[in-house]
Amino acid sequence: MINNLSEQELLRRKKKEQIEELGTNPYPSESFESNITIKEILQKFDKKEAGNFKDIKLAGRLMSRRIMGSASFAEIMDDSDRIQLYIHRDSICPNEDKTLYNTVFKKLMDIGDIIGIKGYIFVTKVGETSIHVQELKLLSKSLKPLPIVKEAKEGDEKKVYDAFTDPEHRYRQRYIDLLVNPYVKQIFKKRTKVIKVLRDYFDDLGCLEVETPTLQPIYGGALARPFTTFHNTLDMDFYLRISNELYLKRLIVGGFKGVYEFAKLFRNEGMSRFHNPEFTSVEAYFAYKDYFWLMDQVESVIEEIAIQTNGTSKIQIGDNKIEFKKPWKRYTMFEVIQKFTDIDISEMNETELKKVAKDLKIKVDDSMGKGKIIDEIFGEKCEPKLIQPTIIMDYPIEMSPLAKNHRSKPGLVERFEVICNGKEICNAYSELNDPIEQRKRFENQLELGKRGDDETMALDEDYLRALEYGMPPTAGIGIGIDRLVMLMTNASSIQEVIFFPHMKPENQN
RNA sequence: GAUUCCGUAGCUCAGCUGGUAGAGCAUCUGCCUUUUAAGCAGAGGGCCCUGGGUUCGAGUCCCAGCGGGAUCACCA
C-alpha cells in the first residue's frame with residue numbers, strides 16, 4: 001500500500017511524524033471555537049461598522065501560502081468565505097523559540113491543513129482585508145495534496161488556472177468539489193432552501209409531516225420498475241418504494257386533514273442527466289380539496305421558491321428566461337395537442353389515434369392503449385416546447401389509475417401536471433376515492449400488463465380496503481425535488497444537485 | 001441500450017506520418033527578510049487506464065475490456 005503513495009503523500013506523512021516528534025498532536029481533541037465567520041469580517045469591516053475586530057478567533061483550512069523570510073501571506077477558508085492571513089515570525093513567536101514559525105509553519109504545514117488562529121484585522125498596502133496572526137495552531141494535518149484552483153487577473157480578465165472540472169472526479173470526490181469550487185456549495189444551499197420553503201408552505205396549510213415505509217411488500221403509486229430486496233426473518237421479498245402515494249392516502253383515510261412527506265424514491269431504470277436511481281420527491285395530500293385548488297397552491301409555492309432562492313420570480317435557465325410569477329397558462333391535454341399539432345383528437349378512438357401518431361412519426365405498438373398513445377403525442381410534440389411554467393390538465397383515464405373521473409368530461413380524469421423548461425416538475429390530481437372504480441382501474445392495469453406493457457400497477461388489496469372505509473374527497477400532488485432544484489440553480493444535470501449521484505463502481509485501473 | 005469523443009506527473013493539459021516522456025501550477029532546495037508573488041534559480045516526481053496484437057521498436061496504429069463525458073432512446 002505504502003508503495004502506491006506519491007512523493008507528495010509520503011512527504012506529508014513524514015511531516016506528520018515530525019510534528020508528533022515536536023510534541024504536538026497533529027489531530028488534537030479540544031474544541032476550537034471561532035468567534036466570527038470570514039463572511040462577517042469581510043462584510044462588517046469593509047463597511048467600517050463598529051465591532052470587535054481584535055481578538056479574532058477563526059478555524060478553517062489553509063488554502064494557499066506565500067512564504068517570505070520572516071513574514072508570509074496565506075489564505076484561510078471557512079464555511080463562509082476565504083480571507084488572507086499575514087503571518088509574521090515574531091508575532092506568533094514572541095520569545096526566543098522560533099520553532100512554530102521556522103519549522104512548523106514553514107516546513108511542516110501544507111495547503112489543505114486545518115488550522116486555528118487568533119489575531120486582529122488590518123488592511124494591507126494594496127487594500128486587502130487581512131488577519132494579522134498572533135497565535136497559530138494545527139487542528140488537523142492533511143495527507144493528500146488538494147487540487148489547487150487559482151484565479152489570476154490579466155488586465156481586466158479573470159483567468160482560472162487548473163480548474164477542478166472533470167465530472168467524474170467532482171462527483172466521486174464531492175468533498176474536494178465542495179472545497180475547491182465555491183459555486184457547488186451555493187447549489188446545495190439552494191437545494192435546502194427549496195425544501196424549507198415547501199415544508200413551511202405545507203405546514204402553514206395545516207399539514208402534518210409524516211414518514212411512511214421505504215420497504216414495501218407491494219410497490220404501487222406509480223408506473224416504474226422497482227429494486228427488490230429480501231427480509232431474512234420474514235423470508236420474503238420487499239421492494240424499495242417507487243412512490244409513497246398509497247400510504248399517504250391511507251393516512252387521509254385515518255383522519256388527518258393534510259399530510260406530506262419528503263421521500264427518497266427508487267426506480268430501477270436508466271440513468272441520465274435527468275435520472276438518478278434514487279431521487280427525492282415531496283408528496284402532499286389535502287382532504288376536502290380538489291385539483292383546481294391545488295393548481296393555485298402550486299403556482300404560489302413555486303413562485304415563492306423562485307423568489308427565495310434567486311431573489312426574483314424571473315430566472316435565467318439555460319438559454320431561456322423563465323417567469324414563475326403566477327398565474328400560469330393552463331391548457332387541457334387536448335387543447336395543448338391541438339395547439340402544437342393542429343389536430344383535434346378529443347373525439348378519436350384507438351385506431352384513429354394510432355394513425356395520427358404514425359402520421360406524426362411517433363412509434364406505436366400493440367401494447368399501447370389509447371392513453372399511452374395520447375401521452376406519447378404529448379411528450380413528443382408538446383412537452384419540449386413548453387418553456388414557461390404551464391399547467392396541463394384533464395388527462396386520459398388509462399394513464400392515471402389513481403385519479404378521479406372528471407366531473408363533466410367522460411374518459412378523462414381530474415389530473416394536472418406542471419411543465420417547465422420542457423420537463424414535468426409536478427403531477428397532481430383529485431384523488432380517486434370510489435373503491436369500486438379503483439378496483440376496476442387496478443384490474444384494467446393488469447389487462448394492460450398482459451398486453452405487454454411492463455409498467456403497470458399492482459393490485460393493492462389493503463389500499464382498496466382502506467378506501468372502502470371511506471376517504472374524503474382529496475387533492476394530492478407530487479413534486480420532483482431534484483428537477484425543481486435543477487431549475488432553480490440553472491443546473492444542466494441531476495448529478496449537479498445530488499451530493500453523491502450514483503455511478504459505476506470505481507475501478508483500480 | 002445506441003452513436004461519438006476522452007483516459008499521459010498531485011492538478012490542468014501538450015505530445016505531429018510510430019524512434020529514449022513534455023509544459024505551467026503544486027512539491028522539495030536555495031535566493032528574497034517585514035504588508036503581496038502566479039517572484040527568481042535549480043531539483044525531484046510517470047505501470048502514458050487494463051489486457052492482447054502488429055512492428056526491430058507503441059503514449060501514438062489495431063482488437064477487446066474498464067471508467068468517464070456528450071447526444072439519442074425509456075422512466076420523474
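Note on naming: letters A, B, ... go to the chains in the order of the sequence lines (proteins, then strands), and numbering restarts at 1 for each one.
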### Message
Strictly below 4.0 Å: does A/R66 bring a side-chain N or O up to OP1 or OP2 of B/rU35?
### Response
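Answer is no, no contact under 4.0 Å.
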### Task
Report yes if at least one side-chain N or O of A/R172 is closer than 4.0 Å to OP1 or OP2 of B/rG68; otherwise report no.
yes
In this structure, how many angstroms lie between the [atom2] atom of [N] and the [atom1] atom of [X], rounded?
{"X": "A/K15", "N": "B/rA26", "atom1": "NZ", "atom2": "C1'", "value": "11 Å"}
{"X": "A/R273", "N": "B/rA73", "atom1": "CZ", "atom2": "P", "value": "11 Å"}
{"X": "A/E376", "N": "B/rA73", "atom1": "CD", "atom2": "P", "value": "11 Å"}
{"X": "A/I362", "N": "B/rC74", "atom1": "CD1", "atom2": "C1'", "value": "15 Å"}
{"X": "A/F73", "N": "B/rU33", "atom1": "CZ", "atom2": "P", "value": "15 Å"}
{"X": "A/M271", "N": "B/rC72", "atom1": "CE", "atom2": "P", "value": "18 Å"}
{"X": "A/K144", "N": "B/rA26", "atom1": "NZ", "atom2": "C1'", "value": "15 Å"}
{"X": "A/H169", "N": "B/rG10", "atom1": "NE2", "atom2": "C1'", "value": "11 Å"}

### Query
Just one of A/V418, A/I425, A/V282, A/I195 clears the side chain to side chain contact (heavy atoms under 4.5 Å, CB included) bar with A/L484, so which one?
A/I425
Return the pairing partner of [N] with a 3.5 Å limit on both distances, Watson-Crick or G-U wobble; otherwise return none.
{"N": "B/rU71", "answer": "B/rA2"}
{"N": "B/rU29", "answer": "B/rA41"}
{"N": "B/rA14", "answer": "none"}

### Query
For RNA chain B, whose closest nucleotide is more 5', that of A/P145 or that of A/S130?
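Per heavy-atom nearest nucleotide, the more 5' residue is A/P145.
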### Task
Could you check A/D90 against A/R12 and say which one's nearest nucleotide on RNA chain B is further toward the 5' end?
A/R12
Would you kindly say whether [X] and [Y] are connected by a side-chain donor-acceptor distance under 3.5 Å?
{"X": "A/S72", "Y": "A/Y101", "value": "yes"}
{"X": "A/R89", "Y": "A/N102", "value": "no"}
{"X": "A/T212", "Y": "A/E261", "value": "yes"}

### Task
Look at atom NZ of A/K144 and say whether more than 12 heavy atoms of other residues, nucleotides or ligands are closer to it than 6.0 Å.
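It does not: A/K144 NZ has 12 such atoms or fewer within range.
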### Query
With a cut-off of 6.0 Å (strictly less than), are more than 12 heavy atoms of other residues, nucleotides or ligands near NZ of A/K385?
yes
### Closest to the A/I111 side chain, choosing from B/rC11, B/rU35, B/rU27
B/rU27
### Task
Counting heavy atoms from C-beta on, name the nucleotide in B/rU12, B/rA73, B/rG68 closest to the side chain of A/M503.
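Within the option list, the nearest is B/rG68.
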Any base atoms under 4.0 Å from [X], or only sugar-phosphate, or nothing? Heavy atoms, all strands.
{"X": "A/N276", "result": "base"}
{"X": "A/I242", "result": "nothing"}
{"X": "A/K107", "result": "sugar-phosphate"}

### Working for salt bridge (charged side-chain N to carboxylate O under 4.0 Å, His left out), residues A/E75 and A/R82
CA-CA 7 Å; A/E75 245 187 325; A/R82 291 182 181 209; 3.4 Å; yes
### Message
If I pick the P atom on B/rA58 and the same atom on B/rU71, what distance separates them, to the nearest angstrom?
### Response
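About 38 Å, rounded to a whole number of Å.
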### A/F122 ring over B/rU35 six-membered base ring, under 5.5 Å and 30°
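No, aromatic ring not over the base.
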### Message
Can you tell me if A/Y86 is stacked onto the base of B/rU35, using a 5.5 Å centroid cut-off and an angle below 30°?
### Response
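So A/Y86 counts as stacking on the base.
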For nucleotides 44-47 of chain B, list the nitrogen or oxygen atoms of the protein found under 3.5 Å from its nitrogen or oxygen atoms, one pair per line.
from   : atom 1 : to   : atom 2 : distance (Å)
B/rG44 : O2'    : A/E7 : OE2    : 3.2
B/rG44 : N2     : A/E7 : OE1    : 2.7
B/rG44 : N3     : A/E7 : OE1    : 3.4

#### Entry: Salt bridge A/E20-A/K16, side-chain N to carboxylate O under 4.0 Å
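So A/E20 pairs with A/K16 through a salt bridge.
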